[in-house]
There are 2 protein chains.
Amino acid sequence: MAKVKALKCKECGKEYPVEPIHVCEYCFGPLEIEYDYDEIKKVVSKEKIEKGPKSLWRYVDLLPVDNPTVGLSAGFTPLIKAEKLGRKLGLNNLYIKDDSVNHPTLSFKDRVVAVALSKAKEFGFDTAACASTGNLANSVAANAAASGMNCYVFIPANLETNKIIGSLVFNPTVVAVEGNYDDVNRLSSEVANEFGWAFVNINVRPFYSEGSKTLAFEVAEQLGWKAPDAVVAPLASGSLYTKIWKGFNELKTVGLISDNPPRMYGAQAEGCSPIYKAFKEDRDWIVPEKPNTIAKSIAIGNPADGPYAVKVGKESNGDMEIASDSEIIEGMKLLAETEGIFTETAGGTTIAVLKKFAEKGAFDPDEVVVAYITGNGYKTMEVLEGHLNKPIHIKPSLQEFKEKVIGIKVEK
Amino acid sequence: MAKVKALKCKECGKEYPVEPIHVCEYCFGPLEIEYDYDEIKKVVSKEKIEKGPKSLWRYVDLLPVDNPTVGLSAGFTPLIKAEKLGRKLGLNNLYIKDDSVNHPTLSFKDRVVAVALSKAKEFGFDTAACASTGNLANSVAANAAASGMNCYVFIPANLETNKIIGSLVFNPTVVAVEGNYDDVNRLSSEVANEFGWAFVNINVRPFYSEGSKTLAFEVAEQLGWKAPDAVVAPLASGSLYTKIWKGFNELKTVGLISDNPPRMYGAQAEGCSPIYKAFKEDRDWIVPEKPNTIAKSIAIGNPADGPYAVKVGKESNGDMEIASDSEIIEGMKLLAETEGIFTETAGGTTIAVLKKFAEKGAFDPDEVVVAYITGNGYKTMEVLEGHLNKPIHIKPSLQEFKEKVIGIKVEK
């Protein structure tokens, strides 16, 4: 694989061969893919990408996979010009990158799993696993089923019912751990150390996380090979946010765009905001939290890439904000009512924070702003209970319709 | 609009101007779009389509719309080579056309609504409405919200909760009618006659139903401009099934494919199978039924296009079959476990019927067979209760994992 030189420790810089490992054995820093951008430059081009498959695999030259075999329909989701929401927020060039219709399981996790399991197959693994707040479990279970791998998914026992069924239907072994995501993650690391499985977000994490770069690649291509001025993205582990930044930077490095990468605005739930706090307090370390928010898919109290996310926030001249649970629900409703897109709580957080930044004047009205919607509202429906209007019940009669729905008094 | 000549009665052939009307005033037959295929032939080409938008609007030359403004990201969903399911069924070239990730509301209805409401806007309507078993309501509500139209959706009061919330979130007026879909439909027709609204599947139906042709267009393009040998599609009103047939025929008429159109296999639920029965009994009329099935989205007891579906079944050398509720659930699970695709009950019906026909030897092993998956499993989750394995609950401890999940006896 000429395009990938090595794995490299993000802290001490020590290099490792390309293997399913994720931690530096000297300094315990995380490992990241080290590319040979000169080699990539020779083979990559806009024309080649545009002729590629209608999936994230059109960017295979910038991903650490030689032979994509899993998730062949993932990615290349719509980028929507959000005219109505933009008018409400005073933004003339607002776009929604909509992963709520990602294939097959309706979240951005279908991107990272496509990359992780394609690589896992190259490594020869026959069992896929993950620690998950729900969306990742759905995607690992679906993609493992489709590619004939055994599958174990580890989730917090208190997850939304819909997300649990959304994994069980693919018939993996679902391990419901009594504890929060950080407990699940800790147990999963122990299991990963002992069993020879491809834990997509543990031992395969350096490959897995690269899948999020395609959120940058696609937006740039869909804008006509341009970077936006600013993006708003949710912060969970911090991985997605840092990889979107990396993606835009790589496009510039290999000459596919000439703009500077965007300012990166990060969104956390008020009930779990360790990255936001570190950013605001100018710390380069994270103080872990016990999550307490309806936005469970982004409720990671001890985020692995937190410090790197803080750095990206600063480096990109971005900013971070938080949204309360009721603001999150209002965010979900606002996106639905203006743009007809039904997102889950993570997306509600992103829209709530977008709104706050727009109201604070963080964006010029004509700037190109992209908000990343990372999951589908069908997965977290229960949070909407009591927050929506109710159906009007009538008998199948025109008279009842006129009286009860339109409010016309009908003579009897 | 040179490509559209008129509306024409499917029964008596009387022609009407292109207006929001749907019934012949002489014989009460349904009206259908009459195209000028010679004009279309002059402008349509594979090259032009392939350069078009990544949505169903790449086929605008074959649709009754001049100016697409609604549903700009609908369609162009994945066509998946179903290797694992194919092996189980003895089919070497089985494909799944997967509208479970259609934009924005995860069903094929996003196609017909895109066409219907784009046309409604051309006609000058400001209010969108529909009679729906759920999926259509979701799509009309979402697309009306995004395009700034008022919205009324009429549904049977006993619909799946998820589908109701999936409409309410877009803040339309939801009218829950005490009765089945046919009662809802009857009331909607009365309302349509009295109020000046665009009822997508009533007064705008001739335009609306044309949207389903894109399910044929996309499959042909995705197969490399070829028609499959056979397709399996669900039968609800009969519209989708007849329009897929029409779509393949049109591609041949305008010279985009040279193959004959496929044999059309139709799928109904045992608890609502009036089209299947007419087909098997060689009748050209439908005996209405009271639906009793979990497959609510296709439970139409008095299907408007039933007689035309029977005709297409015969004309195409196809066949029809039914699936019981338990077979429908098995169909949902089979697709999930083999291909990682989570479909709703309608999709389960299609897979169950595909399996029956495969087992009966209806297909040669090397024939290209396409099964149409028309909706997402998240919308009908409740039917899976009691039919899936359960999560295994453990404390966050490696020892508990080994004992309870793997079954290793651990010394204490």
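As a basis for the values below, the full set of heavy atoms in this structure was taken, side chains included, without hydrogen atoms, waters or symmetry mates. A note on names: the letters A, B, ... follow the listed sequences, proteins ahead of strands, and every chain is numbered from 1.
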Once rounded to the nearest 0.5 Å, what's the spacing between atom [atom1] of [X] and atom [atom2] of [Y]?
X: B:Lys395; Y: A:Leu187; atom1: NZ; atom2: CG; answer: 13.0 Å
X: A:Leu398; Y: B:Ser189; atom1: CG; atom2: OG; answer: 11.0 Å
X: B:Asn171; Y: A:Asn389; atom1: CG; atom2: CG; answer: 5.0 Å
X: B:Ile392; Y: A:Tyr152; atom1: CD1; atom2: OH; answer: 8.0 Å
X: B:Asn376; Y: A:Asn376; atom1: CG; atom2: CG; answer: 7.5 Å
X: B:Tyr378; Y: A:Lys163; atom1: OH; atom2: NZ; answer: 8.0 Å

Taking side chain as everything from C-beta outward and backbone as N, CA, C, O, which of these in [X] sits under 4.5 Å from a heavy atom of chain A? Side chain, backbone, both or neither.
X: B:Val405; result: side chain
X: B:Ile80; result: side chain
X: B:Ile164; result: side chain
X: B:Ile165; result: both
X: B:Glu83; result: neither
X: B:Lys54; result: side chain
X: B:Asn143; result: neither
X: B:Ser397; result: backbone

Given a strict heavy-atom distance threshold of 4.5 Å, which part of [X] is in contact with chain B: side chain, backbone, both, or neither?
X: A:Asn102; answer: backbone
X: A:Glu194; answer: side chain
X: A:Thr338; answer: backbone
X: A:Leu388; answer: side chain

Legend entry - Winner by heavy-atom pair count (cut-off under 4.5 Å) against chain B, out of A:Ile406, A:Val169, A:Val184: A:Val169
Inset, instruction - For the residue pair A:Pro391 and B:Leu168, establish whether any side-chain heavy-atom pair is separated by less than 4.5 Å. - result: yes
Shortest non-hydrogen contact from [X] toward [Y]:
X: B:Pro104; Y: A:Val101; answer: O-CG1, 4.2 Å
X: A:Phe195; Y: B:Lys402; answer: CZ-CG, 4.3 Å
X: A:Gly166; Y: B:Met381; answer: N-CE, 3.7 Å
X: B:Pro78; Y: A:Ser73; answer: CB-OG, 3.5 Å
X: A:Lys84; Y: B:Ala146; answer: CD-O, 3.4 Å

Inset, instruction - Name the orientation class of the two ring planes belonging to B:Phe401 and A:Phe154 (parallel below 30°, tilted from 30 to 60°, perpendicular beyond 60°). - result: tilted
Legend entry - Heavy-atom neighbours of B:Lys88 NZ exceed 12 at 6.0 Å: no
Legend entry - Max heavy-atom pair count under 4.5 Å with chain A, selected residue of B:Ser100, B:Gly179, B:Ser188, B:Gly148: B:Gly148
